[in-house]
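In what follows, chains carry the letters A, B, and so on, assigned in the order in which the sequence lines appear, proteins first and then strands, with residues in each chain numbered from 1. The shown structure was predicted, so the numbers you read here are calculated from the model rather than taken from an experiment.
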Amino acid sequence: MENADIAKIFYEIADLLEIKGENPFRVRSYRNAGIVIEGLPESVKAIVERNEKELEEIPGIGKSIHEKIVEILKTGRCSYHQELLKEFPSGLLELLRVQGVGPKKVKLLYEELGIKNISDLEKAASAGKLRGLPGMGEKTEANILKAIKGLKGSEGRFKIAVALSYAEPLVEYLKKAPDVFDVQPAGSLRRWKDTIGDIDILVTCKKSAPVMDRFAAYPDVDTVVAKGETKSTVILKNGLQADVRVLDKKAFGAALQYFTGSKQHNIAIRDRAKRMGLKLSEYGVFREKDDKWIAGESEEDVYKAVGLPWIPAELRENRGEIEAAEKNKLPELVEIKDIKGDFHIHTKESDGSNTIEEMAEYAMKKGYKYIAITEHSKAVGIAHGLDEKRLLKQIEEIEKINAKFEALNLKFKILKGTEVDIKADGSLDLDKKVLEKLDIVVGAVHSRFNMTEDEMTNRLIKAIESGIVNIIAHPTGRLIAAREPYPLNMKKVMEAAKRNNVIMELNAYPDRLDLNDIHCKLAKDIGVMVAISTDSHNKMQMENIRFGVYTARRGWLEKEDILNTRPLNDVLKMLKLQGQV
DNA sequence: GCCGTTTTCGGCCCGACTGTTTTCAGTCG
């Protein structure tokens with residue numbers, strides 16, 4: 001039972017209660033519990049095994065949900081959840097995924113027409129059977145049919161790199177509308193979440209109508225879902241939703257704050273405002289008693305009005321940032337300009353497409369001071385991994401290039417490294433004598449993902465305790481939207497890393513982002529150093545560093561928490577610390 | 001169901017847009 005499985009049960013309880021028409025705040029409690037559990041850095045199972053009482057220290061988990069968690073861990077299910085499920089047919093919950101269909105409509109459709117799933121709904125809407133129901137007409141039918149079609153077409157969330165590639169041109173396009181002052185992306189994009197549900201864009205301008213018209217006419221638009229004076233929504237041809245909000249300059253800060261989210265953060269901030277006798281909306285901060293406008297022009301003003309310093313967007317997940325802000329203890333987050341090198345680079349020798357020198361020259365152009373060449377090892381045959389002989393040859397080549405750079409008085413160093421495979425039993429894929437000749441050893445799992453949590457945890461810990469491995473690459477093996485992370489007790493792995501001065505990689509490749517934000521925070525709490533690496537297979541991919549840096553920021557990491565913000569000499573010193581437990 | 005610098009009871013974020021309505025409910029973010 002992973003956290004995600006437990007969270008799913010609570011989400012379903014919330015949905016079912018909502019369909020039943022239960023108290024909305026009770027519904028919210030269950031949904032909130034799901035969100036909180038999904039965001040925990042540690043498995044609920046491990047927490048309960050250590051000390052059950054700790055559960056109720058987690059905000060949003062009280063007596064009732066505590067009991068249900070314990071039951072779920074013990075029996076694999078929750079009897080309350082099961083009872084609710086019995087009240088409705090199994091396909092009913094999927095109806096909520098149809099845009100424009102919420103709990104009230106689900107209930108109505110089920111009770112009046114016996115609609116039990118999406119397929120029933122599609123048939124009924126096509127046959128014009130919905131229009132007789134209260135509050136539903138022809139247009140509702142057409143919208144439902146369209147939404148079902150959209151649901152079948154594209155699913156769920158987009159990787160941040162993909163979303164950005166659509167958002168950036170759209171922002172440029174909107175800037176060309178008449179009399180526009182400013183166009184700013186907000187939402188999960190501004191928070192740099194690893195996946196993005198939709199693109200949120202804010203516009204300040206003289207007149208709204210021309211901007212909204214231009215937005216609706218964007219060539220990439222498939223459907224205009226809503227078009228109003230202040231807010232419009234479209235679906236792009238790739239299925240991505242984009243919202244544009246037009247607002248007054250005077251409300252820009254409040255709107256940016258509101259539209260950036262997260263929802264959980266906003267709820268907490270608004271609750272705070274309320275307790276101070278204020279009301280916070282996207283139009284500003286107002287005094288509750290007489291509706292007097294207090295602030296809203298800039299985000300700084302908004303936070304100041306509720307007694308807080310400005311909080312960086314990446315931290316706004318209600319994971320302690322408000323409490324930290326209160327105490328003036330917000331982290332000074334790492335920035336892209338702090339990065340001085342990259343410890344995970346492939347070349348043509350394995351499965352990359354540039355030479356060592358090409359990669360080094362590109363890194364120099366970026367202002368880096370060092371890179372490590374880290375090819376796959378022989379076990380990864382598909383990537384043309386190197387055996388000991390080829391690696392020894394590459395060591396010689398790197399030394400030659402370094403000598404050449406030195407002769408040219410270039411202050412840049414190529415570190416001799418490898419991305420050595422960590423085999424199923426935790427042993428390394430290359431001979432120890434050869435590994436000891438390297439400056440840096442990155443260890444990674446590329447096979448046998450289907451182990452149990454204990455097996456995989458021990459596999460990584462064995463590599464960490466080898467005294468040879470410096471960095472554990474992409475620690476969970478996840479590929480966003482393609483492959484789940486393998487089961488792992490991350491806390492145990494990190495504690496082992498801490499004991500052995502081993503560094504955890506934050507792989508910046510946008511499909512990986514592994515460590516994720518939550519793991520980064522865990523690393524910080526445990527005191528493990530993180531390396532942000534691009535895993536570049538060609539020189540352009542070094543630009544992916546930004547996805548890594550912003551994920552690190554989401555995980556509260558500061559410059560000093562990151563290995564590759566340090567000058568080369570410090571790096572070499574830290575690498576030497578290893579194996580001296 | 002959760003929670004507490006007004007509270008262990010009585011609150012719980014706030015507003016836009018749509019489609020159906022003659023003033024509003026439902027959905028969404």
Side-chain angles (χ1 to χ4, degrees), chain A residues 10 13-14 17-19 21-36 55-69 80 95-109 130-144 146-147 186-188 196-202 208 212 224-235 241-247 251 254-255 257-286 288 291 306-307 318 326:
Chain A
F10 290 126
I13 291 176
L17 289 176
E18 212 168 17
I19 292 171
E22 270 275 3
N23 177 349
F25 300 109
R26 223 179 128 216
V27 171
R28 182 197 290 175
S29 291
Y30 280 108
R31 193 159 288 143
N32 186 47
I35 293 172
V36 168
L55 274 184
E56 284 190 36
E57 288 165 26
I58 300 168
I61 297 182
K63 188 164 170 283
S64 167
I65 288 177
H66 168 176
E67 282 167 8
K68 290 187 175 71
I69 290 174
Y80 182 58
L95 287 174
L96 289 171
R97 286 169 40 222
V98 179
Q99 277 249 13
V101 176
K104 297 277 166 36
K105 285 207 177 94
V106 169
K107 189 170 189 229
L108 187 70
L109 291 166
L130 304 185
R131 61 189 66 170
L133 296 176
M136 293 205 209
E138 276 179 57
K139 272 203 157 168
T140 312
E141 280 172 352
N143 285 342
I144 283 177
K146 187 136 205 181
S188 47
I196 305 296
D198 52 26
I199 301 173
D200 299 306
I201 295 173
L202 302 189
S208 136
M212 291 310 198
V224 179
V225 178
K227 185 160 171 273
E229 203 176 312
T230 64
K231 186 177 172 183
S232 295
T233 298
V234 305
I235 309 285
Q241 178 177 315
D243 295 340
V244 162
R245 183 93 179 200
V246 168
L247 31 110
Q257 198 283 326
Y258 159 77
F259 232 31
T260 296
S262 66
K263 199 169 179 177
Q264 299 303 311
H265 175 88
N266 283 356
I267 288 173
I269 293 285
R270 287 180 180 199
D271 179 54
R272 181 184 172 87
K274 192 158 194 141
R275 277 187 276 116
M276 295 170 74
L278 301 170
K279 189 187 70 172
L280 173 59
S281 78
E282 57 266 52
Y283 299 109
V285 185
F286 299 86
E288 193 127 51
D291 244 10
V306 295
N318 198 22
E326 219 162 34

- Item | Protein proximity profile, nucleotides 1-12 of chain B - base contact B, sugar-phosphate-only contact S, no contact -, cut-off 4.0 Å on heavy atoms | BSS--------B
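- In this structure, A:R28 has no salt bridge (charged side-chain N to carboxylate O under 4.0 Å, His left out) partners at least two apart in sequence or on a different chain.
- For DNA chain B, the neighbouring residues in residues 101-109 of chain A, judged by any heavy atom under 4.0 Å, are A:V101, A:G102, A:P103, A:K104, A:K105.
- Residue A:I269 is out of contact with every strand shown, counting any heavy-atom pair closer than 4.0 Å.
- Separation of the P atoms belonging to B:dC28 and B:dT23 is 25 Å when rounded to the nearest angstrom.
- In this structure, B:dA25 and B:dT18 make a Watson-Crick or G-U wobble pair, each of the two defining distances being under 3.5 angstrom.
- A:S232 is linked by a side chain to side chain contact (heavy atoms under 4.5 Å, CB included) to A:M212, A:F215, A:K227, counting only residues two or more places apart in sequence or in another chain.
- Contact annotation: side chain of A:Y258 to base of B:dG15, donor-acceptor pair absent below 3.5 Å.
- The distance from the CG atom of A:L17 to the CZ atom of A:R31 is 9.5 Å, given to the nearest 0.5 Å.
- In this structure A:S188 satisfies the side chain to side chain contact (heavy atoms under 4.5 Å, CB included) test together with A:R157, A:R191, A:K193, A:I196, sequence neighbours excluded.
- By the side chain to side chain contact (heavy atoms under 4.5 Å, CB included) test, A:D243 is found to be paired with A:D198, A:D200, A:T233, A:Q241, A:F259, residues two or more places apart in sequence or in another chain being considered.
- Comparing A:T140 and A:D198 against DNA chain B, the residue whose closest nucleotide sits nearer the 5' end is A:T140.
- A:E56 pairs by the salt bridge (charged side-chain N to carboxylate O under 4.0 Å, His left out) definition with nothing, not counting sequence neighbours.
- Under the side chain to side chain contact (heavy atoms under 4.5 Å, CB included) criterion, A:E288 pairs with A:K274, A:K279, sequence neighbours left out.
- Partners of A:E326 under the salt bridge (charged side-chain N to carboxylate O under 4.0 Å, His left out) rule, at least two apart in sequence or in another chain, are A:R272.
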